Amino acid sequence: MREVYILRGVEKIYGRGEAATHALRGVDLEIYERECVAIVGPSGSGKTTLLSVMGLLDKPTKGEVFFLGRDILKLTDAEASKLRARYIGFVFQTFNLVPWLSALENVELAMSIIGISPAVRRKKALELLTLVDLAHRVEHKPTELSGGEQQRVAIARALANDPLVILADEPTGNLDSKSGMQVVKILKDLTLKGKTVVIVTHNMDIARMADRVVKLRDGKVVEVA
Ligand SMILES: Nc1ncnc2c1ncn2[C@@H]1O[C@H](COP(=O)(O)OP(=O)(O)O)[C@@H](O)[C@H]1O
Ligand SMILES: [Mg+2]
């Protein structure tokens, strides 16, 4: 299987001098195409930092990161943005939907940003909302949806540009366990459609649904199971 990510000795230090925080202290990790990987670890262990490096949102202070064979330290910001828009979809704990837009419009918005025509947009947004079991809720606004439904809209939105990778940071953190499981099942099933899925979670029941669990502690990988 092709490697989507190769990380070698990745360190991330925020700030300088007295105020410096060593968020990652030498992470070695490979993530392969079509894998569902869970990243677990206590609060402050570097999970979000690791995800932002994988999301090409932040460069490591030290070490190497290859994304689809490209050395991310050599990318300009513009090149990183372009790769991110083409290949990566994000899902957040707080859903981050636009409150005044319907479910359908939220998904369409993500497509208008990458320049897909309105007619194609609507058809594809409907398909994606059907995929996450929300065909009956497309006209609803976020406040008219449950947490689990909002997160499923957010997953449909993350899929709008047909990314290769989905990065989800505590996607079930604001959900009850039943809707959390449903959301993770949807995320995991995306691997059957060729996606690579990385889920940061506190919850071991959720992590166990992944193909592989990576445990972080104090900015280091302590266990890969
Ligand atoms: N932008 C930032 N500036 C300074 N310190 C940060 C920043 N982001 C995270 N940190 C620090 O880095 C460490 C790891 O944070 P984070 O990656 O958010 O951990 P987690 O997601 O596992 O809770 C923490 O000590 C946190 O306070
Ligand atoms: Mg975090």
Side-chain angles (χ1 to χ4, degrees), residues 4-31 35-67 72-73 75 77 80-81 84 88-97 147-148 150-152 154-155 157-158 163 165-177 179-181 183-184 186-188 190 196-225:
V4 176
Y5 290 101
I6 302 175
L7 281 74
R8 293 279 175 254
V10 170
E11 298 187 25
K12 178 73 193 178
I13 302 171
Y14 291 109
R16 287 167 181 279
E18 292 276 296
T21 304
H22 222 132
L24 297 175
R25 299 173 179 266
V27 171
D28 297 311
L29 186 65
E30 286 99 47
I31 293 180
E35 254 195 317
C36 177
V37 176
I39 296 176
V40 298
S43 181
S45 57
K47 304 182 298 296
T48 295
T49 302
L50 184 58
L51 219 57
S52 60
V53 167
M54 295 204 281
L56 313 184
L57 294 164
D58 210 351
K59 286 184 177 167
T61 314
K62 212 172 157 188
E64 294 180 308
V65 179
F66 293 92
F67 174 60
I72 73 155
L73 281 162
L75 300 174
D77 287 351
S81 298
R84 192 185 317 121
I88 303 173
F90 293 91
V91 177
F92 308 95
Q93 178 171 359
T94 50
F95 324 133
N96 300 4
L97 298 173
Q150 290 182 61
Q151 194 59 300
R152 278 143 59 199
I155 293 171
R157 177 185 57 186
V165 182
I166 295 286
L167 302 177
D169 197 350
E170 313 253 13
T172 64
N174 285 347
L175 305 179
D176 61 79
S177 57
S179 6
M181 284 296 179
V183 157
V184 171
I186 289 172
L187 287 171
K188 167 137 203 226
L190 295 175
T196 302
V197 179
V198 182
I199 304 171
V200 162
T201 179
H202 267 104
N203 182 325
M204 274 316 292
D205 291 332
I206 300 270
R208 269 190 280 274
M209 289 175 72
D211 301 319
R212 203 148 60 93
V213 181
V214 174
K215 285 191 185 162
L216 272 189
R217 183 171 297 244
D218 294 332
K220 277 193 188 147
V221 176
V222 290
E223 194 182 324
V224 180

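For clarity, every value in this text was computed on a predicted model and none was experimentally measured. One-based numbering, in listed order, for ligands and for the atoms of each.
Counting atoms of ligand 1 from 1 in the listed order, those under 4.0 Å from a heavy atom of Ala23 are 12 (O), 13 (C), 14 (C). Proximity to Thr49 (heavy-atom distance under 4.0 Å) selects the following atoms of ligand 1: 15 (O), 16 (P), 17 (O). When each atom of ligand 1 is checked for a heavy atom of Pro42 under 4.0 Å away, the hits are 22 (O).
You'll find the side chain of Ile186 stays beyond 4.5 Å of the side chain of Gln151, heavy atoms only. Using a 4.5 Å heavy-atom cutoff, the side chains of Asn174 and Phe95 are in contact.
Remark: atom 6 (C) of ligand 1 lies closer than 4.0 Å to at least one protein heavy atom. Under the 4.0 Å distance rule, the nearest protein heavy atom to atom 27 (O) of ligand 1 falls outside the cut-off.
In terms of protein heavy atoms, atom 19 (O) of ligand 1 is closest to Gly46 N, 3.2 Å. Distance from atom 18 (O) of ligand 1 to its nearest protein heavy atom, with residue and atom name: Thr48 CB, 3.6 Å. Nearest non-hydrogen protein atom to atom 4 (C) of ligand 1 is Tyr14 CB, 3.2 Å.
Counting heavy atoms closer than 4.0 Å to ligand 1, residue Thr21 contributes side-chain atoms (C-beta onward) but none from N, CA, C or O.
Within the 4.0 Å heavy-atom shell around ligand 1 one does not find Ala19. The closest approach between any non-hydrogen atom of Gly15 and ligand 1 is not below 4.0 Å. Using a 4.0 Å heavy-atom cutoff, Gly44 is listed among the residues neighbouring ligand 1.
Under 2.8 Å from the Mg ion (ligand 2) lies an N/O/S atom of Thr48, whether from backbone or side chain.
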Side-chain atoms of residues 196-206: list all donor-acceptor pairs with protein atoms under 3.5 Å, sequence neighbours left out, distances to 0.1 Å.
unit_1	atom_1	unit_2	atom_2	d
Thr196	OG1	Arg34	N	3.0
Thr201	OG1	Asn203	N	2.9
His202	ND1	Glu170	OE1	3.0
His202	ND1	Glu170	OE2	3.2
Asn203	OD1	Asp205	N	2.8
Asn203	OD1	Ile206	N	3.2
Asp205	OD1	Arg208	NH2	2.9

Result block: side-chain N/O donor-acceptor pairs under 3.5 angstrom for residues 4-12, not counting sequence neighbours:
unit_1	atom_1	unit_2	atom_2	d
Tyr5	OH	Met54	O	2.5
Arg8	NH1	Glu30	OE2	2.7
Arg8	NH2	Glu30	OE2	3.0
Glu11	OE1	His22	NE2	3.2
Lys12	NZ	Asp58	OD1	3.1
Lys12	NZ	Lys59	O	2.9

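Ser179 and Gly148 make their closest contact through CB-CA, 3.9 Å (heavy atoms, listed as atom of the first residue, atom of the second, distance).
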